[in-house]
Visitor: 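Take a look at this one; I'll ask things after.
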Amino acid sequence: MSLHILKPGLLDTIQDEGRYGHGHLGINRSGAMDRAGMAVANFLVGNPAGEAVLEMHFPAPEIRLDAPVLLALAGANFTARADGVSVPLHTPVLLQAGVSIKFQKAISGTRCYLAVGGGFALDTWLGSCSTNLAAGAGGWKGRALQAGDVIAFRQKISVAQFELGEKMRRLPWSANVSDFYPANQAIRFCPGPEYGWLDTESQASLEQSDWQITAQSNRMGYRLKGPGLHRKNPAELVSSAVTAGTIQLLPNGQPIILMTDSQTTGGYPRIGQVVQADLPMLAQLGAGQAFALQRVPLETAFAALQAQEQMLRRLKTGCALKLAAVLTARH
Amino acid sequence: MTYDIQPLGDQGLCISWGNTIDVQVNALVLALTARLQQLQLPAVLDLIPAYSSLCMLFDARRLLQDFPHQQPYDYMRKRVALEIQKITEVNYSEGRSVEIPVCYDQSLAPDLERIARQSKLDPAEIIRLHSSRTYRVYMLGFLPGFPYMGTVDDRIATPRLASPRPLVPAGSVGIAGSQTGIYPLDAPGGWNLIGRTPLRLFDPNKEEPALLRPGDQVRFTPISLATFQKNKTAP
């Protein structure tokens with residue numbers, strides 16, 4: 001009743017909503033980069049939003065299942081194939097024991113989430129199943145997955161769901177996620193505590209420029225490339241707290257957006273804070289891609305978050321009803 | 001003491017008592033942190049104290065649901081301001097006293113010679129100055145369990161390396177400006193390394209994984225290389 005890693009991907013880690021309440025000890029949050037992607041994958045298989053999932057980058061791993069499982073992929077499209085059959089994105093599928101999953105090509109997005117019905121059987125560390133790579137703890141042995149790793153499922157599903165010889169059964173619905181990843185939209189931010197340290201010209205060019213994500217970008221942060229920004233205040237900042245979405249100004253005049261594996265504190269001016277509702281979209285952008293930044297009032301950030309939560313709640317209810325109908329009908 | 005509260009976007013708020021490294025200010029930061037930890041306000045995800053600031057991360061989703069007619073930041077700002085008013089007395093030495101053995105042997109102290117040259121002091125004098133003070137743990141950050149301590153004697157204060165080392169071994173004791181710290185894990189870092197402790201500063205398998213807490217009072221005790229090797233428990 002497990003998932004076997006035959007060949008590891010670039011960075012495959014177990015993540016959930018993250019580990020909170022230990023920031024005063026320097027223990028950083030970790031967690032899924034794209035929280036909406038994680039929630040969608042989970043809802044499709046009947047899990048709560050924050051059940052631990054497998055977060056994958058491209059190249060993605062090669063996986064074998066040794067038991068039948070209800071599974072869903074969400075977020076990036078890495079063209080999944082189950083024994084050669086195309087596995088649709090944002091759609092629940094029943095997969096038969098013995099099936100191998102391969103990912104052929106990165107078509108869109110940067111991080112793909114894999115959820116299984118009932119979740120993975122994992123121990124929590126400090127209240128979370130997220131992998132903390134800095135501490136080497138949590139998730140699966142505190143590290144990225146390697147060949148030979150075997151992650152057990154918590155729940156057994158009935159083989160009676162399948163026809164004889166059937167490898168994959170696609171359930172007849174999928175989630176529409178376009179609202180979570182609007183195309184060509186600016187990433188919105190609220191001014192950070194040190195926004196006022198930027199000179200007026202730099203405040204303007206922060207919003208009027210295209211910012212390119214450089215190759216030095218990962219789960220800890222995205223280093224951006226654009227016009228040089230200038231401070232009107234040369235003072236040193238004593239370290240203070242940062243979080244996912246904090247935009248810091250580096251000494252070279254370029255911004256960095258901290259992501260979910262960032263440290264808990266930092267000493268660079270916090271010029272902005274990306275609104276939470278735009279973090280899923282940002283998490284699916286990758287090196288080389290460019291975007292604009294747009295300053296919005298705090299009220300807009302909360303309204304966007306509330307709207308996103310409502311969409312997720314509707315999706316959760318819809319998935320639960322459909323899943324219940326299918327599973328009871330076939331028993 | 002005057003303070004200022006600002007939003008950290010829709011994720012939290014940051015209370016700042018200025019941009020300073022000061023025992024009294026930090027004691028106030030830690031007193032408020034303790035108070036808020038004790039209160040266990042609903043929807044508070046994390047409280048992150050630093051030198052002269054405290055950030056609260058809150059679950060805005062939950063606040064929007066539970067208090068639909070209040071803007072989450074305004075709600076929390078008022079709540080926090082109320083608690084700040086209630087703090088009238090602050091105890092400066094609230095932390096535990098912790099002794100940390102450090103081996104200052106050249107083989108574990110790649111920057112000791114250079115600091116000696118720059119400060120025109122004997123390496124032995126630098127070791128004596130570093131180990132004869134009690135340091136306050138102002139905050140933890142950068143890495144799980146990394147203590148920012150201060151302040152060192154002005155004669156041994158040294159700016160960070162121009163370019164950080166790709167790998168600093170766990171247990172390394174360093175100086176950055178007037179701060180001193182200990183690397184809990186192998187990590188890249190730019191502090192000047194003057195010794196190493198055999199103690200493990202961070203152990204995820206322990207119920208309390210970090211050896212030190214904000215507010216602790218730390219003293220370094222010089223040990224020999226033989227003692228270091230005998231007691232080494234760092235990962």
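Quick caveat, the model's predicted, so the values are computed rather than measured. Throughout, a chain's letter reflects where its sequence line sits, starting with A, and its residues are numbered from 1.
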Visitor: I need the minimum non-hydrogen distance between B:Gln6 and A:Gly192, along with the two atoms involved.
Guide: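 Minimum heavy-atom contact is OE1-O, 4.3 Å.
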Visitor: So, B:Asp46 side chain and A:Gly23 main chain: donor-acceptor pair closer than 3.5 Å or not?
Guide: yes
Visitor: Check whether any side-chain heavy atom of B:Tyr51 lies under 4.5 Å from a side-chain heavy atom of A:Ser240, and answer yes or no.
Guide: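 Result no, sub-4.5 Å side-chain heavy-atom pair not found.
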Visitor: At a 4.5 Å cut-off on heavy atoms, which part of A:Gln306 comes close to chain B: side chain, backbone, both, or neither?
Guide: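 It is both, since atoms from each part get that close.
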Visitor: State, with a plain yes or no, whether a side-chain heavy atom of B:Gln37 is found less than 4.5 Å away from one of A:His24.
Guide: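 Counting from C-beta outward, B:Gln37 and A:His24 do come under 4.5 Å.
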Visitor: Relative to chain B, which of A:Arg270, A:His22, A:Glu299, A:Arg35 shows the most heavy atom pairs under 4.5 Å?
Guide: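 Heavy-atom pairs under 4.5 Å are most numerous for A:Arg35.
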Visitor: Taking all non-hydrogen atoms of both residues, which atom of A:Trp125 and which atom of B:Pro209 are closest, and how far apart?
Guide: CZ2-CG, 4.4 Å
Visitor: So which part of B:Tyr148 gets closer than 4.5 Å to some heavy atom of chain A, the side chain, the backbone, both or neither?
Guide: side chain
Visitor: Please find the pair of heavy atoms, one from B:Leu185 and one from A:Ala135, that lie closest to each other, and give the distance.
Guide: CD1-CA, 4.1 Å
Visitor: Counting only N and O atoms by type, is there a donor-acceptor contact under 3.5 Å from the side chain of B:Asp10 to the main-chain atoms of A:Leu305?
Guide: no
Visitor: Please give me the minimum heavy-atom distance between B:Ala60 and A:Phe302, naming the atom from each residue.
Guide: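 Nearest pair, atom of B:Ala60 first, then A:Phe302: CB-CE2, 3.8 Å.
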Visitor: Is it true that a side-chain atom of A:Asn28 and a backbone atom of B:Leu143 form a donor plus acceptor pair closer than 3.5 Å?
Guide: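 Pair absent, no side-chain N/O of A:Asn28 close to backbone of B:Leu143.
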Visitor: Examine the side chains of B:Arg61 and A:Gln308 and answer whether a donor and an acceptor come within less than 3.5 Å of each other.
Guide: no
Visitor: Could you go through the side chain to side chain contact (heavy atoms under 4.5 Å, CB included) check for A:Glu309 and B:Arg62 one step at a time?
Guide: CA-CA 10 Å; A:Glu309 276 303 287; B:Arg62 184 164 158 201; over 6 Å; no
Visitor: About how many Å separate CD of A:Gln273 and SG of B:Cys14, when rounded to the nearest 0.5 Å?
Guide: 10.5 Å
Visitor: Do you know the tightest heavy-atom contact between A:Thr265 and B:Gly141?
Guide: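 For A:Thr265 versus B:Gly141, the nearest heavy atoms are OG1-CA, 3.4 Å.
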Visitor: Quick check on B:Leu57 against chain A: is it the side chain, the backbone, both or neither that has a heavy atom closer than 4.5 Å?
Guide: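 When you check distances to chain A, only side chain atoms of B:Leu57 fall under 4.5 Å.
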Visitor: Quick one: pull up CZ in B:Phe202 and CG in A:Leu25 and give me the separation to the nearest 0.5 Å.
Guide: 8.0 Å
Visitor: Please find the pair of heavy atoms, one from B:Pro7 and one from A:Leu298, that lie closest to each other, and give the distance.
Guide: CB-CD2, 3.8 Å
Visitor: Can you say whether B:Gln179 sits under 4.5 Å from chain A via the side chain, the backbone, both, or neither, judging by heavy atoms?
Guide: neither
Visitor: Tell me, for A:Ile247 versus chain B, whether the close heavy atoms (under 4.5 Å) come from the side chain, the backbone, both or neither.
Guide: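 It is neither, since no heavy atom gets under 4.5 Å.
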Visitor: Can you tell me which portion of B:Gln11 sits under 4.5 Å from chain A's heavy atoms? Options are side chain, backbone, both or neither.
Guide: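 Interface part for B:Gln11: both.
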Visitor: Can you tell which part of A:Arg188 gets under 4.5 Å to a heavy atom of chain B, answering side chain, backbone, both or neither?
Guide: neither
Visitor: Show, in sequence, the C-alpha distance, side-chain angles and deciding distance for A:Val238 and B:Thr20, and conclude whether the side chain to side chain contact (heavy atoms under 4.5 Å, CB included) test is met.
Guide: CA-CA 7 Å; A:Val238 300; B:Thr20 173; 5.9 Å; no
Visitor: Under a 4.5 Å heavy-atom cutoff, which of A:Ala137, A:Ser239, A:Ala301, A:Gly272 has the most pairs with chain B?
Guide: A:Ser239
